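Owing to the predicted nature of the structure, the values given are computational and were not obtained by experimental measurement. Position 1 is the first residue of the sequence, and the numbers go up from there.
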Amino acid sequence: MSFLGILAQENGEEEVVQQDGHFVDQFVDLVTSPEGGETLADWLSTAIEWIILLGMFAVPILMILGGARAKKIGLGAGGAVALAAIWWYRSTEDWNLRDNSVLDNWQIPVGDWVEQVVFWVDNNMKETLIAFEWPFATLLHYIADEWLLKMSWLTVCIVVFLIGWLVRNFQVGVMTFVGLVICGILGNDYWRETALTIGFIGVAVLLCVVVGIPLGVLCGRVDGAWKVVRPVLDAMQVVHSFVYMLPFIFFFGVGFVSATMVTMVFALPPLIRLTNLGIRQVPADVVEASRAYGAPERRVLFDVQLPLARPAIMTGLNQTLLLSISMLGIAAIMGAGGLGRLLFQAIANLDVAQAGSGGLAFFLVAVVLDRISQPESGDSGNLLSRISKAWANRRTPEKLIPETTDDDGSAVRKAIAEPDVADVSFLPASSKERSLGIVGAIGALVMLVSLLLPWAHNAGVSSSWARSADVDLRPTQCDGDMVDAQLLDPFAEEGALTCTGETTFLSISHNGIAASGGSWFGIALAACALVVLVASLSVVWRPGQGSRWLSAHGAMVFSAAGVLVAVAHLLMGLTGMSDKVDAENFSVGIGNYLAVIGAIVALLASLVWLWGAPMSARRPLPAGVGWGRMLGASFAVVLLFMGGYSGWSFDTRAESVITPELQAELDQIAEEARQADIDAENARAAADAAAAAGDVVTEQEQRRIEQQALQLGGIRAADHAAKISQAQRQGDVIFDGFEANGTRLGLWALIAGLVALLVTVPAIGLMGMDERFRYKWSVLVAGAGLGIALIPLAWILSLTRVADANLVSGIGSVFVLAAGVTLFAASRATLGEFERDKEYGDLPD
């Protein structure tokens with residue numbers, strides 16, 4: 001039977017389709033027919049799935065073969081791990097994480113964090129908001145209302161002509177004058193909106209210059225500042241303005257002020273980025289020469305770096321101006337005036353004439369401001385041409401070498417000949433280093449083994465804050481029968497069972513990975529232990545090779561983080577559980593204590609190893625004291641204080657928000673509802689008896705009493721639910737990071753942060769400029785920062801893992817997380833400069 005005949009029988013047809021026509025027509029008919037097209041689409045999708053599946057297995061296999069051929073253990077091991085992971089993922093069918101519905105149980109409460117911050121700021125920082133609003137409102141009032149609107153339109157045109165002539169040239173001045181004159185002769189209404197637009201953009205750009213250029217200079221001269229500012233700029237540029245306009249409207253209302261703030265957020269990043277780029281592109285030899293001649297840093301900045309960076313700064317200013325102009329539409333949505341409002345009205349009213357006039361004025365204002373702010377063509381071309389050439393020849397940099405003329409007149413490029421170098425290898429590990437590496441590996445193994453042992457008995461630690469069931473996890477043993485609880489208590493939960501005999505409790509334990517045990521604290525500890533284990537073993541097998549984190553400072557950083565995570569979880573169990581469960585019910589498991597011991601062993605071994613490790617900087621560290629790092633560490637401590645006093649958990653569960661007074665009121669309502677049910681049942685029985693006796697009057701009276709009792713019971717049940725709902729809306733139970741009844745994780749993080757602040761003093765060079773000395777103390781700061789960051793991260797994820805719907809983690813944990821990241825990032829650059837010392841062989845002949 002032909003293929004077309006087989007397709008024709010898909011829906012039960014027995015006869016074979018007659019094949020007529022050329023085979024090309026038959027193929028077209030096959031592809032375009034519904035049955036044939038669906039079959040081919042199924043075959044195509046199946047083929048693509050098989051190709052992807054084979055590729056998923058082929059890549060790890062090639063990694064294994066390539067590692068075996070090149071004798072690279074890491075490459076082969078990575079391929080083996082990837083192959084095993086793919087095989088496990090494809091063969092596991094009961095893994096609940098494949099179900100998309102599981103995402104509802106893993107919701108990160110970002111919206112709740114934002115809401116908490118907004119309400120807190122609105123309630124506690126009103127004076128600060130007024131001070132923040134003042135420069136925007138004042139500048140808009142004087143520049144737009146007092147100057148531009150009260151000046152003659154011709155005066156404004158002449159002033160702009162003079163500015164264009166002085167800043168650029170005569171032609172630009174004439175063009176700007178003509179453009180504004182056209183905006184004026186469109187009508188008084190259009191001129192008024194044009195003046196408002198110029199004032200609005202002028203204020204936004206002026207404030208961007210006041211903030212952006214100094215911040216860009218700071219980023220260009222201080223690497224730590226750039227590492228902190230860069231992700232903030234990324235967020236400002238990537239996140240749509242609709243996302244962050246709502247808080248500004250909430251705080252400052254609609255109008256020009258909030259619109260200017262949103263415009264500033266959107267338009268500021270290019271100025272900072274290009275100022276930073278211009279400072280960094282100033283030739284290093286020019287800067288070093290000025291310093292060698294004795295110029296102070298102030299003269300180096302104002303006489304060397306800023307003049308040479310002027311083209312980049314002017315380009316950034318021009319881009320900021322253009323982005324401010326592009327925000328006029330958003331400003332109109334936010335209630336601001338200007339040409340954007342005219343265009344918004346024209347669109348809403350389908351007024352083509354107003355849209356045409358407003359669009360022309362909008363275009364002319366944009367061109368006028370762009371031409372005035374655009375840098376000189378020579379400067380711009382010089383900078384952009386160098387960047388363009390560098391990018392175009394990134395693979396062939398030898399083409400950028402200037403051409404010279406040879407003896408015979410031919411053009412040649414002369415490059416510096418590379419000298420012969422000796423064989424280089426990393427210093428082998430000494431016997432002491434190997435011993436310390438083995439001790440550190442033992443400590444890491446103890447940390448991993450501790451995760452398999454009990455971390456909590458009879459109750460959860462972090463999970464007990466997230467769900468009520470974890471407060472007492474002891475299973476019960478009944479020596480009688482289990483019956484429906486509603487048979488004994490009509491108000492019992494539906495489906496609940498109760499024991500008719502004696503009930504005894506059994507003990508239960510949870511390990512370091514279980515949701516009711518260590519949870520994400522254990523998972524974070526496992527990650528730290530694995531890094532310490534690999535770094536400790538690397539010094540035994542292949543010192544200096546691989547990632548720089550597989551060294552003494554890597555083991556030190558992650559072992560210190562492991563100590564903080566294990567100790568924080570232990571203290572949370574010892575001090576934070578006393579008010580939640582009876583002391584006899586809950587106890588900290590041996591696994592948590594063993595984790596602390598293993599982490600301390602790894603920390604001490606890594607500390608001794610670090611202090612004697614042969615590590616040197618690839619490039620000289622900055623000679624001056626790192627005041628920027630001290631500022632970053634101080635800012636981190638401020639964040640820790642803010643995080644400690646802010647909420648770590650916001651609980652609106654019914655059992656949490658019900659006070660003793662409210663509980664007494666609820667009990668009274670429940671008793672009245674129960675009595676109403678009893679009265680209704682008695683009245684029903686009396687009515688039935690009267691009906692059987694033929695007493696119609698008594699029956700009707702009892703039926704009326706029954707209905708009244710049922711109505712009263714319904715009213716009391718509604719009152720019961722309404723009071724609980726009102727308590728949930730108004731009575732959040734908030735625990736901060738310092739509170740005695742809370743987890744106190746903010747307190748332990750603050751103590752670690754204060755220690756890190758003290759350690760920052762020698763790390764920045766205040767106690768000596770020796771590079772190795774500063775490097776060792778920087779490692780301690782990075783370890784403290786990583787540990788501080790892991791504590792709130794583990795708390796957030798632990799709550800997310802098991803939390804009830806009405807309990808979320810608080811913004812305080814986010815502040816502490818940011819503080820830890822700040823401390824870690826401030827020292828990461830120093831750590832990245834150091835590598836193991838090398839030994840050199842003889843020069844080749």
Please name the pair of heavy atoms, one in [X] and one in [Y], separated by the smallest distance, quoted to 0.1 Å.
X	Y	value
Leu317	Leu271	N-CD1, 3.6 Å
Ile788	Leu640	CG2-CD2, 3.9 Å
Arg299	Ala295	CB-CB, 4.2 Å
Cys219	Arg280	O-NH2, 2.8 Å
Ala204	Ser324	CB-OG, 4.3 Å
Ser813	Pro792	O-CB, 3.1 Å

Side-chain ([X]) to main-chain ([Y]) donor-acceptor, under 3.5 angstrom:
X	Y	answer
Thr275	Ile272	no
Thr138	Pro135	no
Thr760	Ala633	no
Thr320	Ala267	yes
Thr155	Met151	no

Hey, is [atom1] on [X] packed in by over 12 heavy atoms from elsewhere, all under 6.0 Å?
X	atom1	value
Arg772	CZ	yes
Phe251	CZ	yes
Arg291	CZ	yes
Trp611	CH2	yes
Phe302	CZ	no
Trp777	CH2	no
Met767	CE	no

**Message:** I'd like to know whether Met245 forms a side-chain contact (heavy atoms from CB on, under 4.5 Å) with Ser258, so could you lay out the CA-CA distance, the side-chain angles of the two residues, the decisive distance to 0.1 Å, and finally the verdict.
**Reply:** CA-CA 8 Å; Met245 71 160 51; Ser258 56; over 6 Å; no
Do [X] and [Y] have side-chain heavy atoms sitting under 4.5 Å apart?
X	Y	result
Phe177	Val160	no
Phe256	Leu196	yes
Leu306	Ile279	yes
Val539	Leu550	no
Ser290	Asp303	no
Phe200	Thr263	yes
Val608	Leu604	no
Met615	Tyr775	yes

Which value, rounded to the nearest 0.5 Å, describes the distance between [X] atom [atom1] and [Y] atom [atom2]?
X	Y	atom1	atom2	answer
Phe136	Phe252	CZ	CZ	8.0 Å
Leu780	Leu610	CG	CG	7.0 Å
Leu206	Thr260	CG	OG1	11.5 Å
Arg629	Ser634	CZ	OG	12.0 Å
Phe558	Leu790	CZ	CG	8.0 Å
Leu180	Cys157	CG	SG	5.0 Å

**Message:** Can you tell me how the ring of Tyr645 sits relative to the ring of Phe738, calling it parallel under 30°, perpendicular over 60° and tilted otherwise?
**Reply:** perpendicular
**Request:** Fit a plane to each ring of Trp549 and Phe824, take the angle between them on a 0 to 90° scale, and name the class: parallel (under 30°), tilted (30 to 60°) or perpendicular (over 60°).
**Result:** parallel
**Item:** SB check Arg774 Glu771 (cutoff 4.0 Å)
**Value:** no
**Request:** For the pair Met264 and Val203, evaluate side-chain contact (heavy atoms from CB on, under 4.5 Å) and give the outcome as yes or no after the intermediate values.
**Result:** CA-CA 9 Å; Met264 184 176 174; Val203 171; over 6 Å; no
**Request:** For the residue pair Arg221 and Gln305, confirm or rule out a side-chain donor-acceptor distance under 3.5 Å.
**Result:** yes
**Asked** Given Glu833 and Arg828, is the salt bridge (Lys or Arg N to Asp or Glu O under 4.0 Å) satisfied, shown in steps?
**Response** CA-CA 9 Å; Glu833 293 294 339; Arg828 183 175 176 272; over 6 Å; no
**Request:** Show the numbers, then the answer: is there a side-chain contact (heavy atoms from CB on, under 4.5 Å) between Phe248 and Val257?
**Result:** CA-CA 9 Å; Phe248 288 104; Val257 173; over 6 Å; no
**Message:** As a quick check of understanding, evaluate side-chain hydrogen bond (donor to acceptor under 3.5 Å, both in side chains) for Gln237 and Arg273, giving each step before the final call.
**Reply:** CA-CA 11 Å; Gln237 289 186 294; Arg273 289 183 183 276; 2.8 Å; yes
**Request:** Walk me through it: do Val779 and Ser827 pass the test side-chain contact (heavy atoms from CB on, under 4.5 Å)?
**Result:** CA-CA 7 Å; Val779 174; Ser827 299; over 6 Å; no
